[in-house]
Amino acid sequence: MASVSSQPQFRYTQPPSKVLHLRNLPWECTEEELIELGKPFGKVVNTKCNVGANRNQAFIEFADLNQAIAMISYYASSSEPAQVRGKTVYLQYSNRQEIVNNKTTADVAGNVLLVTIEGQDARLVSIDVLHLVFSAFGFVHKITTFEKTAGFQALVQFSDAETATSAKNALDGRIIPRYLLSENISPCTLRITYSAHTDLSVKFQSHRSRDYTNPYLPVAPSAIDGSGQFSLGLDGKKLEPESNVLLASIENMQYAVTLDVLQMVFSAFGPVQKIAMFDKNGGLQALIQYPDVQTAIVAKEALEGHCIYDGGFCKLHISYSRHTDLSIKVNNDRSRDYTIPNPALVNPQPSILGQQPVQTMGPPAAHQYNGTQYAPGSEQGMMPPPQHSAGWASAVPPMPQSMPVQMTNHPYMPTPTSMPQMAPTGMMQMPGQGGIPPAGTVPPYTPNQM
DNA sequence: AGCACA
């Protein structure tokens, strides 16, 4: 179909339209100036300025075609050309019949923000960093990122427009704090407007998009496509591929960490299938196997950098193992396969009672037994919104260790339908799972030691 | 100085 626009257009052959096309406008001509210009000839119902590559073109739409004709006619025979700020403006009929899409977006407050990350290394900013930055203002439901001509952009979804507005006001035009990025990344400025979206569609958890309301969403196939770039860490460096098996090393091990302790700690996030402990480089390490990657991700994010015992003792450092299925040859005090019942050997769930030993680790203690956080159907309330009123400076605590718990989602989301492959009961298993280290390994302050 | 964008 040979459309009008495919043929060269000449101003004298342009058929009349309610819409006039203006060019040679001065810089950043305002809507008000366009209205002033057209007002003598009729009612200006719509305008659009800053059009075209040089942003020096505009459109005026009149209520009536005759008004547009009047304006064109006047200036066709006038000795004075149309002017804006003393600059001659050239007029002609537009080849369209109406201005589309003028009054929209940008200024209508909504719960979703469009964030443009400016800077040389903008695309090295990970989704995790963005999550961290925006979480300071409230629960972040979802984030998607994408490349556009505008650069590296993200859509950040909050619960409501108020929260989004507070984030926008605090962050627009600011740079991402340096300590959240590795040193070799040049400064990245955030430009924020409102998006017209209200609910983002996130199909996978990936390095491009996250749905924090649903940790059981499938992980993107990017793990399979061998890119190896699945996840970018806080520092923007590549991390090892995610895995259902975690490698935990224990630092500053003042107290013995037993298999049972590990089982208890890690079970807070889902069923632990297998554990293997071993010594490496003079320290203790353990491999912990979950049935799926998602659970491992949640556990890792919650536990990384945290201490099993108060006082900085037995600090956990967690990474993803290359293993996917541990081979446990024998159940003993260093390795165990919980998927194979072994009554002879085991008492995999030692007595319970206190949770003191893990008090310093937010997730296991806080998450497991707080009934209030299971508000069905509610997407919020699963975690305390971090420092709402905080200004930018204090919005993101400078201590990395304090971040994971604060910013981490509740591992048990009130979305039963969304955890198909995992029996909910499996996750709530171990009534009173706060196992205590066997006598002799109990930290001195633990009240209920023998 | 020559027709826009989600």
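Per chain, numbering begins at 1; letters A, B, ... match sequence-line order. Hydrogens, waters and symmetry mates play no part in the numbers below; they use all other heavy atoms, side chains included.
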Legend entry - Sequence neighbours excluded, every pair satisfying ring-ring contact (aromatic ring centres under 6.0 Å, His included) that has a member inside residues 48-71 of chain A: A/H21-A/F59
State which residues pass salt bridge (Lys or Arg N to Asp or Glu O under 4.0 Å) with [X]; sequence neighbours excluded, sorted by chain then number.
X      : value
A/E147 : A/R123
A/E98  : none
A/E118 : A/R191

Inset, instruction - Please work out if A/E61 contacts a base, only the sugar-phosphate, or nothing of the nucleic acid, heavy-atom cut-off 4.0 Å. - result: nothing
Inset, instruction - Please state how far atom NZ in A/K18 lies from atom P in B/dA4, giving the value in whole angstrom units. - result: 19 Å
Legend entry - d(CG, A/N95; C1', B/dA4) in whole Å: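 Answer to the nearest Å: 10 Å.
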Legend entry - Contact nearer the 5' end of DNA chain B, comparing A/Q97 with A/N56: A/N56
Legend entry - Closest-nucleotide ordering on DNA chain B, the 5'-leading residue of A/K87 and A/N50: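 By nearest-heavy-atom nucleotide position, the 5'-most residue is A/K87.
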Inset, instruction - Look at the aromatic rings of A/Y290 and A/F266 and report parallel, tilted or perpendicular, splitting at 30° and 60°. - result: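 Tilted: the ring planes of A/Y290 and A/F266 meet at 30° to 60°.
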Legend entry - Partners passing side-chain contact (heavy atoms from CB on, under 4.5 Å) against A/T144 (at least two apart in sequence or in another chain): A/F146, A/L155, A/L200, A/V202, A/S209
Legend entry - Close residues, residues 37-44 of chain A, relative to DNA chain B [heavy-atom separation under 4.0 Å]: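 Residues of residues 37-44 of chain A that come under 4.0 Å of DNA chain B do not exist, since none gets that close.
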Legend entry - Aromatic-base stack, A/Y90 on B/dG2, cutoff 5.5 Å, angle under 30: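 Not stacked: fails the 5.5 Å / 30° test.
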Inset, instruction - Please check the phosphate of B/dA4 (OP1 and OP2 only) for any side-chain N or O of A/Q57 closer than 4.0 Å. - result: no
